[in-house]
Amino acid sequence: MEKVLVAPAPTQKDIIRRLEQESGTEVSLCYQCGKCTAGCPAAFAMDYTPRQVIRLLQLEMVDEALKAQSPWICATCETCTTRCPRGVDVASLMDALRREALRMGIVTDHRVATFNQTFLKLVERYGRVHEVGLLMEFNLKTRQLFKDAELGLPMFKRGKVHLLPEVIKDQGHVKQMFARVKQTGGESS
Amino acid sequence: MKLAYYPGCSLEATAVEYGVSTQKTAQVLGVELQEIPGWNCCGATSAHSTDRVLSLALPARNLALAEREGLDILAPCAACYSRFRATEHQVRRDAGLQRQIQEIIGMDYQARNQTLSILEVLAGRIGLEAIGGKVTRPLKGMKPACYYGCLLVKPVEYTGFDDPEYPESMDNIMKTLGAKPVAWSHQTECCGASLATTRPEVGLRMTYEILKNAQERGADSIVTVCPLCQMNLDMRQSQVEKMFGVKFNLPVYYITELVAVACGVAPEEVGINRHFVNALYHINHLPEEVEEETDQATARQKAAPEVDRAKAARKAEAGEEPAGGTAATAGAAETPAPASPAENAGASKGALKLASRIFADDEAKAARLAGILSADAEKMKKVAQLLAQDKEKAVKVAEAFIKKEAKAKGEEVAGE
Ligand code: SF4
Ligand code: SF4
């Protein structure tokens, strides 16, 4: 989608400000040296490299940044943040972009979003993550029933999976926390 | 020392070896671990990709529970550790956020305690010397690639106990256990575990890069400090091998398994037999290296007089002139049978092998060195150790030994 931006709409500025606030960093600090991209282990698979994602934000092309695959490919490894000579917290910005995209209903990667949802549902329900339940539900939702099936039996034989989830003693407490976060306008469901 | 213990979801299931070996290591090294009662999941990547406040509240509940007891927390999983440290850091910096978090968890939380990684506890709180004192089965001959992973040392603001690009705490621990870690470049590179389920084509490639670098640098195994890294490198190794048409066959350990084993615990007891890539065979069959040869050589040297007498007797029977007694000649190197009595006594295989490694292209010199070394166990040990670390130095020292001996002989001759 081609887009020519003459004057950025004010809402875009608001979104950028929110992204900056949530990630505790400023996109204007970046001088486009590309060190973040050079060290990024996942850049090879991204449509916009980490440096380019920051550039999009500097140019206030927020839509483009929110629709990019990159934030969903980012593995949150913190290499970019550690190496940036200007102190830009690139990893947190990627994080903030994912959350912003969720909030606006733009989800480029349904697999990642579904995985996260399934994961948090389990935490809400049991307090802990039951790995078998997580993978089964995830594969069911994304219709890849036999993915990783070859690993299932060996795991079971090694006593590494429990077929039933464990529920923590004080589970009501964790449920309450989820409820309170939702009340304050969170996106945890 | 007493610490609150946060196992996290993985250590109870897929990473059961990590949990068991952490407890065992703590027991062996005299650390009391008190599991946080009713702990909940830290939320991992899923929470902070979804909601910032939730991603801080989930760890905060556990932190607050430990704070009540006035304890610092050991979180062996690098992902949990990272989320805990991020939470502490942000709550300490932002009073408004602290209030919000307290309301959500319904508990008091001041972030007065701190979360420790397994490396901090081992190398910092317990200390290398104390660990070294407990080692009864040194991991000699093991050449691991110490893999710290991405989250344990990055970003510095949260973690900060080791260098983010060239960390060395794990390498130091492994050296204390008797192993020889290799130098490699992927020690803090991300293994892509978080993408393995959702985007395998990306995740597996990242895993491949790490395995490849370890293999190229001559590692015989990988040591990890994170259940996600271990699972990814171990369980998915066969997937990676299939995808890229290569063979790695690199066992992937947890540091705590190795500490426990080096301190005398049976490998099966800490779950080393439960790995996907066969680690049990590897740990039980570490190659014997130069250092071991020294020990053997010393043992053999002790037995040498008898062996020599037996040899001489056999030779005499065969009608040969018994070796020994003739003047030392450099030409004796042609047949490895040494000529001087001193050399004869120690013509042990170990010394010959060591000497021929040092003077690979000078047989005469090698034979002389073999003689000197076998006569003096201390010298042998020194050269062997040097060779393992720095060949050039070993050669220099060997040359010096030869010179010294020549001088001593010369003086004897002059004195006569
Ligand atoms: S490393 Fe920092 S300054 Fe350089 S391009 Fe990346 S974000 Fe910008
Ligand atoms: S945190 Fe994300 S963007 Fe940054 S280096 Fe790692 S994978 Fe790349």
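Chain naming here is simple, since letters A, B, ... match the order of the sequence lines and numbering starts at 1 in each. Small disclaimer: the values here were computed from a predicted structure and weren't measured. Keep in mind that the numbers below use all heavy atoms, side chains included, and drop hydrogens, waters and symmetry copies.
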Self-check item: Exceeds 12 heavy-atom contacts within 6.0 angstrom, atom CD of A:Q21
Solution: no
Quiz item: So what's closer than 4.5 Å to chain B heavy atoms on A:I73: side chain, backbone, both or neither?
Solution: both
Quiz item: Looking at B:C190, B:C150, B:C191, which hits side-chain contact (heavy atoms from CB on, under 4.5 Å) with A:P41?
Solution: B:C190
Quiz item: Which atoms of B:Q90 come close to chain A, meaning under 4.5 Å heavy atom to heavy atom: side chain ones, backbone ones, both, or neither?
Solution: neither
Quiz prompt | Point-to-point distance, once rounded to the nearest 0.5 Å, from CD of A:E78 to CG of B:L152 | solution = 12.5 Å
Quiz item: Cut-off 3.5 Å, side chains only: do B:R199 and A:Q69 have a donor facing an acceptor?
Solution: yes
Quiz item: Taking C-beta and beyond as the side chain, do B:D51 and A:L120 meet within less than 4.5 Å on heavy atoms?
Solution: no
Quiz item: Measuring heavy-atom distances to chain A, does B:I104 have an atom under 4.5 Å in its side chain, in its backbone, in both, or in neither?
Solution: both
Exercise. Measure the spacing between CD of A:Q183 and CD of B:E103 and express it to the nearest 0.5 Å.
Key: 10.5 Å
Quiz prompt | chain A contacts, top residue of B:L58, B:V153, B:V53 (heavy-atom pairs, under 4.5 Å) | solution = B:L58
Exercise. Assess whether atom OH of B:Y281 is packed by more than 12 heavy atoms of other residues, nucleotides or ligands within 6.0 Å.
Key: no
Self-check item: Distance in Å, A:R180 CZ paired with B:I105 CD1, rounded so as to fall on 0.5 Å steps
Solution: 9.5 Å
Quiz item: Does A:R128 count as lying over the ring of B:W39, i.e. NZ or CZ under 6.0 Å from the six-ring centre, within 45 degrees of the axis?
Solution: yes
Practice problem: Mind ranking A:E22, A:M94, A:R83 by heavy-atom pairs under 4.5 Å with chain B and telling me who comes out on top? | Solution: A:R83
Quiz item: If you take all heavy atoms of A:N116 and B:S46, which pair is closest and at what distance?
Solution: OD1-OG, 2.8 Å
Quiz item: Are A:T76 and B:H48 close enough, and set up right, to give a side-chain contact (heavy atoms from CB on, under 4.5 Å), and what steps lead you there?
Solution: CA-CA 10 Å; A:T76 335; B:H48 72 88; 3.3 Å; yes
Quiz item: Does CZ belonging to B:R92 count more than 12 external heavy atoms closer than 6.0 Å?
Solution: yes
Quiz prompt | Structural part of B:S55 lying under 4.5 Å from a heavy atom of chain A | solution = neither
Exercise. Identify the two heavy atoms, one from A:R98 and one from B:S49, that lie closest to each other, and give their separation to 0.1 Å.
Key: NE-OG, 3.0 Å
Quiz item: For B:R52, is it the side chain, the backbone, both or neither that has a heavy atom under 4.5 Å from a heavy atom of chain A?
Solution: both
Practice problem: Check each atom of A:V129 against the heavy atoms of chain B and say whether the ones under 4.5 Å are side chain, backbone, both or neither. | Solution: both
Quiz item: Any side-chain heavy atom of B:C41 sitting closer than 4.5 Å to one from A:F119?
Solution: yes
Self-check item: Shortest non-hydrogen contact between B:L54 and A:F178, atoms and distance
Solution: CD2-CE2, 3.8 Å
Quiz item: Out of B:E189, B:E165, B:E209, which one racks up the most heavy-atom pairs below 4.5 Å with chain A?
Solution: B:E165
Practice problem: Would you mind telling me which of A:T81, A:T79, A:T82 makes a side chain to side chain donor-acceptor pair (under 3.5 Å) with B:K154? | Solution: A:T79
Quiz item: What part of B:S194 lies closer than 4.5 angstrom to a heavy atom of chain A: side chain, backbone, both or neither?
Solution: side chain
Quiz item: Any donor-acceptor pair under 3.5 Å linking the side chain of A:H173 with the backbone of B:R61?
Solution: no
